[in-house]
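The basis for the numbers below is simple: all heavy atoms, side chains too, and nothing from hydrogens, waters or symmetry mates. Convention: sequence-line order gives letters A, B, ...; per-chain numbering from 1.
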Amino acid sequence: MIDPKLLRTAADEVASNLARRNFDFDAAGYKRLEEQRKSLQVDVETLRSERNASAKNIGKAKARGEDITPLLASVESLGSKLEEADKALAALQAEIRDVELGLPNLLHDDVPVGNDEEANKEVLRWGEPRKFDFEALDHVDIGAGLGSLDFDAAARISGSRFAVMQGSLARLQRALIQLMLDTHTAEHGYKEVYVPYLVQSEALFGTGQLPKFENDQFKTTDDPPFYLIPTAEVPVTNLVRDSITEAGELPLKYVAHTPCFRSEAGSYGRDTRGMIRQHQFEKVELVQMVEPGESDAALEALTGHAEAILQKLELPYRKVILCSGDIGFGSHKTYDLEVWLPGQKAYREISSCSNYGDFQARRMQARWRNPETGKPELLHTLNGSGVAAGRALVAVLENYQEKDGSVTVPDALWPYMAGQKKLSP
RNA sequence: GGAGAGGUGGCAGAGCGGUUGAAUGCACUGGUCUUGAAAACCAGCAAGGGUUAGUAGCCCUUCGUGGGUUCAAAUCCCACCCUCUCCGCCA
């Protein structure tokens, strides 16, 4: 959520920033609603003040043993008037809130303007895509050759966009997750957390998936419903919901491994082959809560932590800044890491690292105590995949495939593979 | 699943229809004392919103959440959520 004070005082500047996203913010309409709200709220508070004063007088009169009937008569009409005005105010406030919840975050100056991923700005490439002396297969064929990646079985159980993995391949994914968790906890200073995979709607409002992206979520039929987390970002970031963190405890750095569940509504026909885009996938997520002045630097560091995983696995990747048309709804600035997939002869997203500024913190009322003012102030939140395990598995299979159909285990995963250095058919 | 207890400020914990935004303690901040520190003592210390040039005043809201009773609710009534204890069951 954007600071309502900023919306009131600088609606036109906000509108022009959001225009870079091709988002049309009706600044004039917002101002109109705000003015109505202002005068209504003054009315309501004046009435309420009158009521409070009368009630106090009645109390005093009663204490003195006086007759209070004339006083009661004088406040008779106050109640209904107040109730009416209060209702109108509540309706107006809800309307304004809906507008505010629907506004995407302001963009960082670094974010390039553009309509789609074509306009994303590449900032670096790491590693050389390997030259194959045979026709490189994609992970679907490699997995089939190994006999351990089964989409048909998954389809019988759950339909499309699911996978079944067996044996060494299943273990390889677990090894990837282990490597990531160990690296982030031991080398990058993150605290490992285990969190719920089912959350209430409030948590999703806090991180910004709701109300706008209801259709992307899976939810249960309970009342109230549970939502399956689309990313660990949701439960982990909500750890600081409605809380005040002392300055000395910042930055908070959490890493969590969770499955992620996405309906993928609206992406019919995209990445239908293989396990690039699944309803369920494993991910290791990095989350930071930092002082507002630190978030730019924290984004660089956090992205570097995700890059370290790809470097350990010696997977070629490139790093891009998402442009205004491709960046997420709540993000202030986002780096995507795209790993080289020989089967597709393309770089594909494997991590997305974002600085949310105070956007999520405002929705969650997540604050820290600023020692300079002594007051609780909104902190900044960041998150990034460190990295998506399912896609990392795809990348390992495709980049480490051999002519005979086997797959070499990257050195970094040896400690987690019980001595197995090769996956063979 | 059965029985009971409880949800109040950063934390602990009183209050149980009117002067309580809320006693007290801890923590925190400032001061006195001290060579310095500790201790002791004194003082201050919730958040959100409105109005405003204002971090000044004034006003409104907030004692788990939502409804209700009342001129007036942290206090009474109803529903729901959550936590804790005991029993049962279970991974």
Side-chain angles (χ1 to χ4, degrees), chain A residues 1-10 30-97 99-101 194-206 220 222-227 235 238-250 252 289 291-292 358 360-379:
Chain A
M1 203 157 91
I2 296 174
D3 186 356
K5 278 204 179 100
L6 191 68
L7 291 173
R8 267 173 249 154
T9 55
Y30 183 81
K31 282 183 198 163
R32 219 175 305 123
L33 282 177
E34 256 303 310
E35 269 156 38
Q36 286 177 36
R37 189 221 88 234
K38 210 174 261 191
S39 74
L40 239 182
Q41 183 162 342
V42 171
D43 291 350
V44 167
E45 290 188 359
T46 307
L47 283 172
R48 205 172 267 144
S49 181
E50 278 174 40
R51 186 205 60 188
N52 290 350
S54 327
K56 212 167 256 185
N57 283 336
I58 292 169
K60 280 183 189 158
K62 211 176 168 186
R64 287 193 298 263
E66 294 169 10
D67 178 19
I68 59 169
T69 10
L71 286 170
L72 289 182
S74 74
V75 295
E76 216 184 320
S77 63
L78 257 181
S80 58
K81 262 204 245 167
L82 180 59
E83 198 176 335
E84 203 177 303
D86 216 5
K87 262 188 196 146
L89 178 63
L92 194 54
Q93 280 174 328
E95 191 178 345
I96 290 171
R97 190 170 168 76
V99 171
E100 289 171 349
L101 282 173
Y194 172 81
V195 291
Y197 303 159
L198 295 172
V199 299
Q200 302 281 338
S201 63
E202 287 74 18
L204 287 153
F205 269 98
T220 71
D222 298 79
D223 184 26
F226 286 109
Y227 288 81
N238 274 280
L239 286 174
V240 293
R241 171 188 202 85
D242 291 323
S243 72
I244 300 171
T245 308
E246 293 305 324
E249 293 174 37
L250 295 177
L252 296 172
M289 294 84 177
E291 294 179 17
D358 62 14
Q360 295 179 323
R362 182 168 294 107
R363 289 172 169 240
M364 293 189 300
Q365 278 305 299
R367 295 171 297 172
W368 69 299
R369 197 172 292 281
N370 184 344
E372 286 177 23
T373 60
K375 296 281 178 192
E377 296 174 11
L378 296 173
L379 42 73

(request) Among the candidates rA47(B), rG50(B), rA72(B), find the nucleotide nearest to the side-chain atoms of Arg367(A). (result) rA47(B)
(message) Whether the side chain of Arg241(A) engages the backbone of Glu202(A) through a donor-acceptor N/O pair (distance < 3.5 Å, no angle test) should be reported.
(response) yes
(message) If you assign each of Ser54(A) and Gln365(A) to its closest nucleotide in RNA chain B, which residue comes earlier from the 5' end?
(response) Gln365(A)
(request) Can you tell me, in whole Å, how much space there is between the P of rU29(B) and that of rC86(B)? (result) 39 Å
(message) What's the gap between rU32(B) and rA39(B) when it is taken at their C1' atoms, as a whole Å value?
(response) 13 Å
(request) State, yes or no, whether a side-chain contact exists between Arg32(A) and Glu35(A) at a heavy-atom distance under 4.5 Å. (result) no
(message) Please name the nucleotide paired to rC58(B) by Watson-Crick or G-U wobble geometry with both distances under 3.5 Å, or report none.
(response) rG50(B)
(request) Could you please spell out the steps behind the side chain to side chain contact (heavy atoms under 4.5 Å, CB included) verdict for Arg37(A) and Glu95(A)? (result) CA-CA 10 Å; Arg37(A) 189 221 88 234; Glu95(A) 191 178 345; over 6 Å; no
(request) Compare all side-chain heavy atoms of Thr245(A) with those of Met289(A) and state whether any distance is below 4.5 angstrom. (result) no
(message) With a 3.5 Å limit on both atom pairs, tell me what rA43(B) is paired to, counting Watson-Crick and G-U wobble, or say none.
(response) rU29(B)
(message) Do Pro292(A) and Trp368(A) make a side-chain contact, defined as non-hydrogen atoms from C-beta onward lying under 4.5 Å apart?
(response) yes
(request) Could you state the atom-to-atom distance from CZ of Arg51(A) to C1' of rG18(B) in whole Å? (result) 13 Å
(message) If you assign each of Arg37(A) and Ile58(A) to its closest nucleotide in RNA chain B, which residue comes earlier from the 5' end?
(response) Arg37(A)
(request) Establish, with yes or no, whether the OP1 or OP2 oxygen of rG50(B) is under 4.0 angstrom from a side-chain nitrogen or oxygen of Arg8(A). (result) yes
(request) Can you tell me, in whole Å, how much space there is between the P of rA5(B) and that of rU24(B)? (result) 30 Å
(message) Would you say that Arg362(A) contacts Pro4(A) through its side chain, given a criterion of any heavy-atom pair below 4.5 Å between the two side chains?
(response) yes
(request) Please report, rounded to the nearest Å, how far the P atom of rG64(B) is from the CZ atom of Arg241(A). (result) 18 Å
(message) Can you measure Met364(A) atom CE to rG48(B) atom P for me and round it to whole angstrom units?
(response) 16 Å
(message) With rounding to the closest Å, how many angstrom separate the P atoms on rA38(B) and rG48(B)?
(response) 31 Å
(message) My understanding is that a pair needs two contacts under 3.5 Å, Watson-Crick or G-U wobble. By that rule, which nucleotide pairs with rG17(B)?
(response) none
(message) Which nucleotide, if any, forms a Watson-Crick or G-U wobble pair with rC86(B), using both distances under 3.5 Å?
(response) rG2(B)
(message) For a quick check of understanding: with a heavy-atom distance under 4.0 Å over all strands, which category does Asn57(A) fall into, base, sugar-phosphate or nothing?
(response) nothing
(message) Suppose we define a pair by two distances each less than 3.5 Å, Watson-Crick or G-U wobble; what does rG36(B) pair with here?
(response) none
(request) Scan every strand shown for a Watson-Crick or G-U wobble partner of rA91(B), both distances under 3.5 Å, and answer none if you come up empty. (result) none
(message) Within the 4.0 Å heavy-atom criterion, would you say Lys38(A) contacts the bases, only the backbone, or no part of the nucleic acid?
(response) sugar-phosphate
(message) Tell me the interatomic distance from Asp242(A), atom CG, to rC81(B), atom P, rounded to whole angstroms.
(response) 20 Å
(request) State which of rG10(B), rC71(B), rC59(B) makes the closest approach to the side chain of Glu45(A). (result) rC59(B)
(message) Between rG10(B) and rG49(B), how many Å separate the two P atoms, rounded to a whole number?
(response) 15 Å
(request) Please determine, for the side chain of Lys5(A), which listed nucleotide (rA47(B), rG18(B), rG50(B)) has the closest atom? (result) rG50(B)
(message) Side chain of Ala55(A) only, heavy atoms from C-beta on: which candidate in rU61(B), rG49(B), rG18(B) is closest?
(response) rG18(B)
(request) Please state how far atom CG in Leu47(A) lies from atom C1' in rG50(B), giving the value in whole angstrom units. (result) 14 Å
(request) Send over the distance from Leu40(A) CG to rC59(B) P, rounded to a whole Å. (result) 22 Å
(message) For a quick check of understanding: with a heavy-atom distance under 4.0 Å over all strands, which category does Ser49(A) fall into, base, sugar-phosphate or nothing?
(response) sugar-phosphate
(request) Using a 4.5 Å cut-off on heavy atoms from C-beta on, say whether the side chain of Val42(A) contacts that of Thr46(A). (result) yes
(request) Tell me whether the OP1 or OP2 atom of rU61(B) has a side-chain N or O from Asn52(A) closer than 4.0 Å. (result) yes
(request) Using the P atom on both, measure rA22(B) against rA74(B) and round to a whole Å. (result) 13 Å
(request) Please state how far atom CD in Gln93(A) lies from atom C1' in rG50(B), giving the value in whole angstrom units. (result) 10 Å
(message) Strictly by Watson-Crick or wobble contacts shorter than 3.5 Å, is anything paired with rU24(B), and which nucleotide is it?
(response) rA12(B)
(message) What I'd like to find out is whether the side chain of Met1(A) reaches to under 4.5 Å of the side chain of Arg97(A), using heavy atoms alone.
(response) yes
(request) Searching all strands shown, indicate the nucleotide that pairs with rA73(B) (Watson-Crick or G-U wobble; both distances under 3.5 Å). (result) none
(request) Determine the Euclidean distance between corresponding P atoms of rC82(B) and rG68(B); express it in Å to zero decimal places. (result) 23 Å
(message) Taking only the P atom of each, what is the distance from rA47(B) to rC87(B) in whole angstrom?
(response) 44 Å
(request) Round to the nearest Å and state the distance from Asp43(A) atom CG to rG49(B) atom P. (result) 21 Å
